[in-house]
Amino acid sequence: MKTFFLILSVLYISFGEVLSTPPQRYESIFNFGDSLSDTGNFILSGALAFPVIGKLPYGETFFQHATGRCSDGRLIVDFIAEAFGLPYLPPYLSITNGQYPRHGVNFAVSGSTALDPEFFNSQRIGQLLWTNDSLSVQLGWFKKLKSSVCTSKQDCDNYFKKSLFLVGEIGGNDYNYAFFARGSIKQLRAAVPVVVEAITRTTSALIEEGAVALVVPGNLPIGCSAVYLTLFPSPRKEDYDKRNGCLKAFNAFAMYHNNQLKRSLETLRQKYPQAKIIYADYYGAAMQFFHAPRHYGFFSGTLKACCGGGGPYNFNNSARCGHTGSKACADPSTHVNWDGIHLTEAAYNHISKALITGPFSTPPLTS
Ligand SMILES: *[C@@H]1O[C@H](CO)[C@@H](O)[C@H](O)[C@H]1NC(C)=O
Ligand SMILES: *[C@@H]1O[C@H](CO)[C@@H](O)[C@H](O)[C@H]1NC(C)=O
């Protein structure tokens, strides 16, 4: 991070005349999402009596203790906070006295979905949900918080003008639950417009509430994830991408979602020209290291999880990371995948850099 600021300040000094404005600074961040950005809400929600993410090896690399983050260390949201010189965001559910920190709050909950539980109930897979705290619940939390951080419309507008809103990643679980319940790619493609609509609806709602700068990330290349590779193996060699060993059909599905999301955001930009709506290309940023792992220090490969209970991708549903029969690798920084589903701190660090210094956020996050 120091290097990053050094480079920025050098650039700024030498091109001071050209770059008339310094990189956009934000005074607070509000984050919505799922386990890719949850910094503790799931554990605090008490949805599960003994969640493994509440103990080591989760958190071992950076925090040296579990924080409720689904990784060995920091997440993308943590690296973004660092880049803007802000403290890490406290989980919303840890705030008990209504005293919200001015630098922002994290509403993300592991297992959360863009769609509400009713949708999954109607598909008869409601019992699979890990949490009922969907995106609309998180938006409700934000509205509640808003009434205690600012009073008048002008007061709120002034505050949120200097805030960065991260709307996701969200939506990945909507598909995960359905795929794990053996939904087909064809069936799931039909759900994409509904999921995308839920994400853009929340983005609009936040703009109506005063948000000016928003980042809306797409889905990761799920065909490269150990859980998908394990649960959906194929005897056909041609189902795997020769360049990286990922499942082509699932990556194509993630791109299908991302392309629809990008189109919807374009429509939103026309509707709200005063807002800066940034698409964050998690897929493209992650593909960099799936294609050239060693360049990024991923010497132990990209597809095999660091922490797991055996199998070709070290993902074993009967011995998932943190459960009896699983163990973590010696050096998570040489792995992309942490527990079969989530990525390592090292992978999240590379994705954040790709978003912050470009070119994987459109328009750029720091301009
Ligand atoms: C979600 O809500 C339903 C209905 O109120 C409830 O039965 C279920 O236990 C809840 N699920 C979780 C994970 O809290
Ligand atoms: C998966 O975990 C179970 C329970 O620990 C174990 O019996 C089984 O051998 C493991 N499978 C693989 C492929 O390692």
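What's counted below: heavy atoms across the whole structure, side chains too, no hydrogens, waters or symmetry copies. Whatever order the structure lists them in is the order used to number ligands and atoms, beginning at 1.
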Step-by-step side chain to side chain contact (heavy atoms under 4.5 Å, CB included) determination, D339 to R320: CA-CA 7 Å; D339 60 2; R320 292 206 304 268; over 6 Å; no
Worked check of side chain to side chain contact (heavy atoms under 4.5 Å, CB included) between I356 and I80: CA-CA 8 Å; I356 295 162; I80 292 180; 4.2 Å; yes
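Here atom 4 (C) of ligand 2 lies nearest to S318 when heavy atoms of S318, G325, S326 are compared.
Note that atom 14 (O) of ligand 1 has protein non-hydrogen atoms nearby, at separations under 4.0 angstrom. Within 4.0 Å of atom 2 (O) of ligand 1, at least one protein heavy atom is present. Protein non-hydrogen atoms do not reach within 4.0 Å of atom 9 (O) of ligand 1.
With ligand atoms numbered from 1 in the order given, ligand 2 contributes 14 (O) to contacts under 4.0 Å with heavy atoms of G310. Contact atoms of ligand 1 toward W130: 13 (C) (distance under 4.0 Å to a heavy atom of the residue). Every atom of ligand 2 is numbered from 1 in the order shown, and the set under 4.0 Å from a heavy atom of G311 is 13 (C), 14 (O).
Cation-pi contact between R74 and F62: present, with separation from the ring centre below 6.0 Å and deviation from the ring axis of at most 45°. With a 6.0 Å cutoff to the six-membered ring centre and a 45° limit on the axis angle, R243 does not count as a cation-pi contact of F290.
Residue contacts with ligand 1: N132 is placed with a nitrogen or oxygen under 3.5 Å of a nitrogen or oxygen of the ligand (distance criterion only).
Aromatic pair F232/Y228: centroids less than 6.0 angstrom apart.
In this structure, the protein non-hydrogen atom closest to atom 6 (C) of ligand 2 is N316 ND2, 4.1 Å. Here the heavy atom of the protein found nearest to atom 5 (O) of ligand 2 is A319 CB, 3.9 Å.
Between R263 and E266 there is no salt bridge, since none of the side-chain N atoms of the basic residue sits less than 4.0 Å from a carboxylate O of the acidic one.
The residue from R236, K242, K237 that alone fulfils the salt bridge (Lys or Arg N to Asp or Glu O under 4.0 Å) condition with D239 is R236.
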